[in-house]
Amino acid sequence: MNDLREVVREALRAGGGALPFARFMELVLYHPGLGYYERREHTPGRRGDYFTSVSAGPLFGELLAHQLAGWLREYEPARPLVVVEAGAHDGRLAADVLGTLHRRHPELAARVMFYLWEPSDTRAAWQQETLAPFAGQVRRARTAEELPRPLAGVIYANELLDALPVHRLGWDAARQEWFEWGVQEGCGGLTWTRLPLSAAELAPDLPQAVLEVLPADFTVEVGPAAVRWWQEAAACLGAGGRLVTFDYGPLQALPVDPRRPRGTLRAYWRHALQEDLLARPGEQDITADVPFAVLEAAGRAAGLVTEHCERQGRFLTRLALGLGEALEWTPARRRQFMTLTHPQHMGERFGVLVQRRAAA
């Protein structure tokens, strides 16, 4: 028997027979030792279920390291600096970043303390193994409270926020009200059920004219976990500190997207899109689009200013052009760059949000 299935059953019993989807997503992805991201066979790449920018090769980390170096040089000479990667999975991106900093920017690398913001003991062990060559320079923070404050440097995440639990809401056209999609156990396995909203503030703030024409069961996702993460990270930054995410989702705020009447949640198993989000608990990835405009607004409310909110292709191309001859364009690196920036690959699918805390 799949032990995680029993964990879900116990949670269903404790919840009176049903769970909000957000709680189900949290369990199947992050349950200690059993969740999807707790198992090393689910590492991104050809042998996993999905690709990331890191899967394309080390160029993504090298480009990011050069950008970090440019930002870190804005601080006064000799000041101790901090770089934080959140959601580092097995540590490959961190290793690419640190390796490039040491090779190409040694004077900065000597001033940097690198933190891995990682709540999972399992993933922290993977990261420690990967980053053994940099052991004296790397520390772990389980929570934002364990990061240095005010932080002089950069906090970044790559494809972290899309996997944080989201609430899945549906529209009851007859009652003119939102409900929450929940999970229950049926005869053939896990099935969907309608639940009252677990919190009133989850309801999207839409004009009445829009609500009146929404079709029955129109579905959206609401991700307070991603917003809370952004706010927690922003609170760590001192003057000049930056907060960065690479992820996929719309850059503009859309009240509803008529092209997505069932929302953006999807599952991946063996690199194939799966229709059933509830199948194979702990065996398939579950992800949703990141609402960049919502994060940007949360950052502004926390005192940050936006420097970039654009597609990954444009961001990385501008960075590469600025580096000029500093990059060695071997055939392998050209292929990696094409994967990272081409509109038909990752260039348009992924967005970049960079916000900075201005000087007081």
I need the minimum non-hydrogen distance between [X] and [Y], along with the two atoms involved.
X	Y	value
Ala144	Arg149	O-NH2, 3.5 Å
Ala320	Phe337	CB-CE1, 3.8 Å
Pro215	Ala173	C-CB, 4.4 Å
Pro204	Val220	CG-CG2, 4.0 Å
Asp96	Thr100	O-OG1, 2.9 Å
Leu195	Gly182	CD1-CA, 3.7 Å

[X] side chain to [Y] backbone, donor-acceptor under 3.5 Å:
X	Y	answer
Glu74	Gly240	no
Arg104	Ala326	yes
Thr339	Arg335	yes
Gln137	Ala109	yes
Gln284	Gln274	no
Arg357	Leu304	no
Asp247	Asp162	yes
Gln336	Leu59	yes
Glu85	Ala94	yes
Thr317	Phe315	no

State the [atom1]-[atom2] distance between [X] and [Y], to the nearest 0.5 angstrom.
X	Y	atom1	atom2	result
Glu159	Phe350	CD	CZ	3.5 Å
Trp229	Leu243	CH2	CG	5.0 Å
Leu12	Phe24	CG	CZ	8.5 Å
Thr264	Arg259	OG1	CZ	11.5 Å
Leu160	Thr52	CG	OG1	12.5 Å
Arg260	Leu265	CZ	CG	10.5 Å

Is any side-chain N of the basic residue among [X] and [Y] closer than 4.0 Å to the acidic one's carboxylate O?
X	Y	result
Arg333	Glu62	yes
Arg270	Asp285	no
Arg266	Asp289	yes
Glu283	Arg39	yes
Arg242	Glu307	yes
Glu38	Arg123	yes
Arg79	Glu76	no
Arg318	Glu310	yes

Would Arg280 and Trp269 count as a side-chain contact (heavy atoms from CB on, under 4.5 Å) if you check the C-alpha gap in whole Å, the side-chain angles of each, and the deciding distance to 0.1 Å?
CA-CA 9 Å; Arg280 306 182 189 90; Trp269 182 62; 3.4 Å; yes
For His345 and His342, take the angle between the two ring planes, folded into 0 to 90°, and tell me which bin it lands in: parallel under 30, tilted 30 to 60, perpendicular over 60.
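Answer is perpendicular, since the angle exceeds 60°.
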Connecting only ILVMFWY residues whose side-chain heavy atoms lie within less than 4.5 Å of each other, what is the rest of Leu321's hydrophobic cluster?
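Result for Leu321 is none, singleton.
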Trp117 six-ring face occupied by Arg142 cation (under 6.0 Å, within 45°)
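No; the conditions do not both hold, so Arg142 does not lie above the ring face of Trp117.
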Are Leu63 and Met346 in one and the same hydrophobic cluster, where Ile, Leu, Val, Met, Phe, Trp and Tyr link if side-chain heavy atoms are under 4.5 Å apart?
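As far as the 4.5 Å side-chain criterion goes, Met346 and Leu63 are connected within one cluster.
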When hydrophobic residues are tied together by side-chain contacts of less than 4.5 Å, even through go-betweens, does Val290 share a cluster with Ile286?
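Val290 and Ile286: one cluster.
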Any side-chain heavy-atom pair of Leu251 and Arg311 under 4.5 Å
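A side-chain contact under 4.5 Å exists here.
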Taking the side chain as everything from C-beta on, heavy atoms only, tell me whether Leu101 gets closer than 4.5 Å to Phe114.
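Side-chain contact under 4.5 Å: no.
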Would you say the side-chain atoms of [X] and [Y] include a donor-acceptor pair closer than 3.5 Å?
X	Y	result
His105	Arg73	yes
Tyr248	Arg349	no
Thr341	Gln312	no
Glu177	Trp171	no
Glu118	Gln127	yes
Thr306	Glu296	yes

Evaluate Trp178 against Leu197 for side-chain contact (heavy atoms from CB on, under 4.5 Å), listing each step before the verdict.
CA-CA 7 Å; Trp178 293 98; Leu197 295 184; 4.2 Å; yes
May I ask you to check whether [Y] and [X] place their ring centres under 6.0 Å from each other?
X	Y	answer
Tyr30	Tyr37	yes
Tyr36	His31	no
Phe246	Phe60	yes

Between Glu185 and Val8, is the side-chain contact (heavy atoms from CB on, under 4.5 Å) condition met? List the steps.
CA-CA 9 Å; Glu185 192 163 22; Val8 172; over 6 Å; no
Inspect the surroundings of [atom1] in [X] and state if more than 12 heavy atoms from other residues, nucleotides or ligands are less than 6.0 Å away.
X	atom1	result
Arg175	CZ	no
Glu275	CD	no
Gln128	CD	no
Glu212	CD	yes
Gln208	CD	yes

Kindly write out the residues that satisfy ring pair (Phe, Tyr, Trp, His ring centres under 6.0 Å) with His167, not counting sequence neighbours, or none if the list is empty.
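Checked His167 against ring pair (Phe, Tyr, Trp, His ring centres under 6.0 Å); zero matches.
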Please lay out, stage by stage, how Asp172 and Arg194 fare under the test salt bridge (charged side-chain N to carboxylate O under 4.0 Å, His left out).
CA-CA 10 Å; Asp172 188 325; Arg194 296 187 179 199; 3.6 Å; yes
Using the side-chain contact (heavy atoms from CB on, under 4.5 Å) rule, take Leu277 and Arg168 through it: C-alpha gap first, then chi angles, then the decisive distance, then the call.
CA-CA 12 Å; Leu277 297 172; Arg168 194 179 196 214; 4.2 Å; yes
